[in-house]
Asks: 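One structure coming up, written as structure tokens, with questions to follow.
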Amino acid sequence: FVHLYSEPLYRGSERLGALLVQRDITKEHESDRLKSEFVSTVSHELRTPLASVLGFAELLLHKSLAPERQKKYIQTIHQEATRLTALVNDFLDLQRIESGKQAYDFRPVPVAELAAGVLELHQANAPKHRFVFADRSEGAKARADADKIRQVLMNVIGNAIKYSPGGGTVTVSCYRDGDRLAVEVADDGLGIPREALPKLFGKFYRVDNTDRREIGGTGLGLAIVKEIMQIHGGDVRVESEYGKGSAFTLLLPIDGGERPRAPSPPEAG
Ligand code: ADP
């Protein structure tokens, strides 16, 4: 995309002619396109549960229904309103993160301790699951914002439980990987189809297979995880076999892990 315009060219007050300016606006155009695509996705995501709330509320208002049916509709309204709230919260969270305006408080964080704490929190609400925690990080600390990493761990460990609906084992392992601290969260749940893997961290992306249609979510959780990890100079990786299980690995820079720079040789001469 090219923006063409002419600028009058003067010498003193004498007009010499015009200057034809050509500016490449491909980048601006692309970012505008992405923005409007995002807005339309968001409106669509909000409209679907809203339509359902409205529809069921209207049925309740205008039809005389048996009490069981009423109760069912009210449950649906409650469920959809809960989904809307989660969507708006996740969405605002992602916006805040992406705007770059959020302050990060980077400190040395014992991530293994953090992971153990998050695991314990989830454990209380997942009676069908078995939890294994292996810490081989030798007390290594990451350079991280503890609250943000707690949020990431909540998300990834929460997913491991949520996407193994029949129960199973969730294993969290912490270890050093060169100058990075790794936290691997593995489950033996539903797994992820190979073709979904490249899209998994995209906004609003959800695997829409019959095996997980009943499982609620916004499709923003992993997008938030990815953003937070990148702001840390870290990364998140996924390995999965459909029907067998998944493993998400979070990588964070170890605090003080940067090698000290070699002293530069004395200037010649
Ligand atoms: P959601 O709100 O749908 O859980 P996420 O962004 O957290 O959104 O995850 C995106 C999709 O990735 C999910 O819809 C789910 O199908 C898949 N997924 C994430 N974690 C796992 C996991 N541990 N096992 C299987 N599938 C997973």
Side-chain angles (χ1 to χ4, degrees), residues 38 41-42 44-49 52 79-98 115 118-119 121-123 125-126 128-134 148-174 182-231 234-251:
F38 190 47
T41 314
V42 172
H44 172 79
E45 292 290 330
L46 295 178
R47 227 180 247 146
T48 316
S52 169
Q79 195 182 313
E80 292 297 296
T82 308
R83 205 175 106 69
L84 263 174
T85 309
L87 208 56
V88 171
N89 285 342
D90 276 0
F91 176 66
L92 288 178
D93 207 23
L94 191 61
Q95 284 294 100
R96 266 196 296 267
I97 294 168
E98 283 187 332
V118 172
L119 200 62
L121 275 180
H122 278 292
Q123 208 158 358
N125 303 312
K128 282 192 286 184
H129 290 79
R130 199 168 75 88
F131 293 90
V132 177
F133 180 67
K148 302 290 188 304
I149 297 304
R150 188 177 294 112
Q151 183 183 359
V152 164
L153 288 162
M154 286 293 286
N155 240 313
V156 175
I157 296 176
N159 275 350
I161 297 168
K162 188 162 90 164
Y163 294 105
S164 46
T169 304
V170 174
T171 308
V172 176
S173 324
C174 305
V183 182
E184 188 198 82
V185 178
D187 64 69
D188 48 16
L190 300 175
I192 297 154
R194 180 183 289 271
E195 65 277 11
L197 289 174
K199 295 174 268 183
L200 213 62
F201 296 94
K203 288 170 209 159
F204 297 113
Y205 181 77
R206 304 200 71 209
V207 178
D208 186 28
N209 286 8
T210 44
D211 61 358
R212 64 198 74 201
R213 215 151 271 162
E214 301 294 304
I215 302 175
T218 63
L220 288 172
L222 287 179
I224 292 174
V225 165
K226 177 106 189 170
E227 285 285 336
I228 294 179
M229 292 311 289
Q230 281 180 344
I231 290 170
D235 204 357
V236 51
R237 302 209 178 121
V238 56
E239 275 172 77
S240 184
E241 198 176 329
Y242 192 46
K244 290 248 168 86
S246 315
F248 286 81
T249 305
L250 309 166
L251 293 159

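All ligand and atom numbering here is 1-based and tracks the order in the structure.
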Asks: Which protein residues have a heavy atom under 4.0 Å from ligand 1?
Replies: Asn159, Ala160, Lys162, Tyr163, Asp187, Gly191, Ile192, Leu200, Tyr205, Arg206, Val207, Arg212, Gly217, Thr218, Gly219, Leu220, Gly221, Leu222, Ser246, Phe248
Asks: How are the rings of Phe204 and Phe91 set to each other: parallel, tilted or perpendicular (split at 30° and 60°)?
Replies: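 The arrangement is parallel - the two ring planes meet at less than 30°.
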Asks: Of the options Ile157, Asn155, Ile161, Thr249, which is the one that meets Val185 in a side chain to side chain contact (heavy atoms under 4.5 Å, CB included)?
Replies: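 It is Ile157; the other options fail the test.
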Asks: What pair of heavy atoms forms the shortest contact from Ser246 to Ser240, and how long is it?
Replies: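 It is OG-OG, 3.0 Å.
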Asks: Is Lys128 reaching over with its side chain to a backbone N or O of Pro165, donor-acceptor style, under 3.5 angstrom?
Replies: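 Here the side-chain-to-backbone pair exists.
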Asks: In this structure, are over 12 heavy atoms from other groups packed under 6.0 Å from Arg194 atom CZ?
Replies: no
Asks: Distance-only, no hydrogens or angles: does the Arg83 side chain make a donor-acceptor pair with backbone N or O of Gly217 under 3.5 Å?
Replies: yes
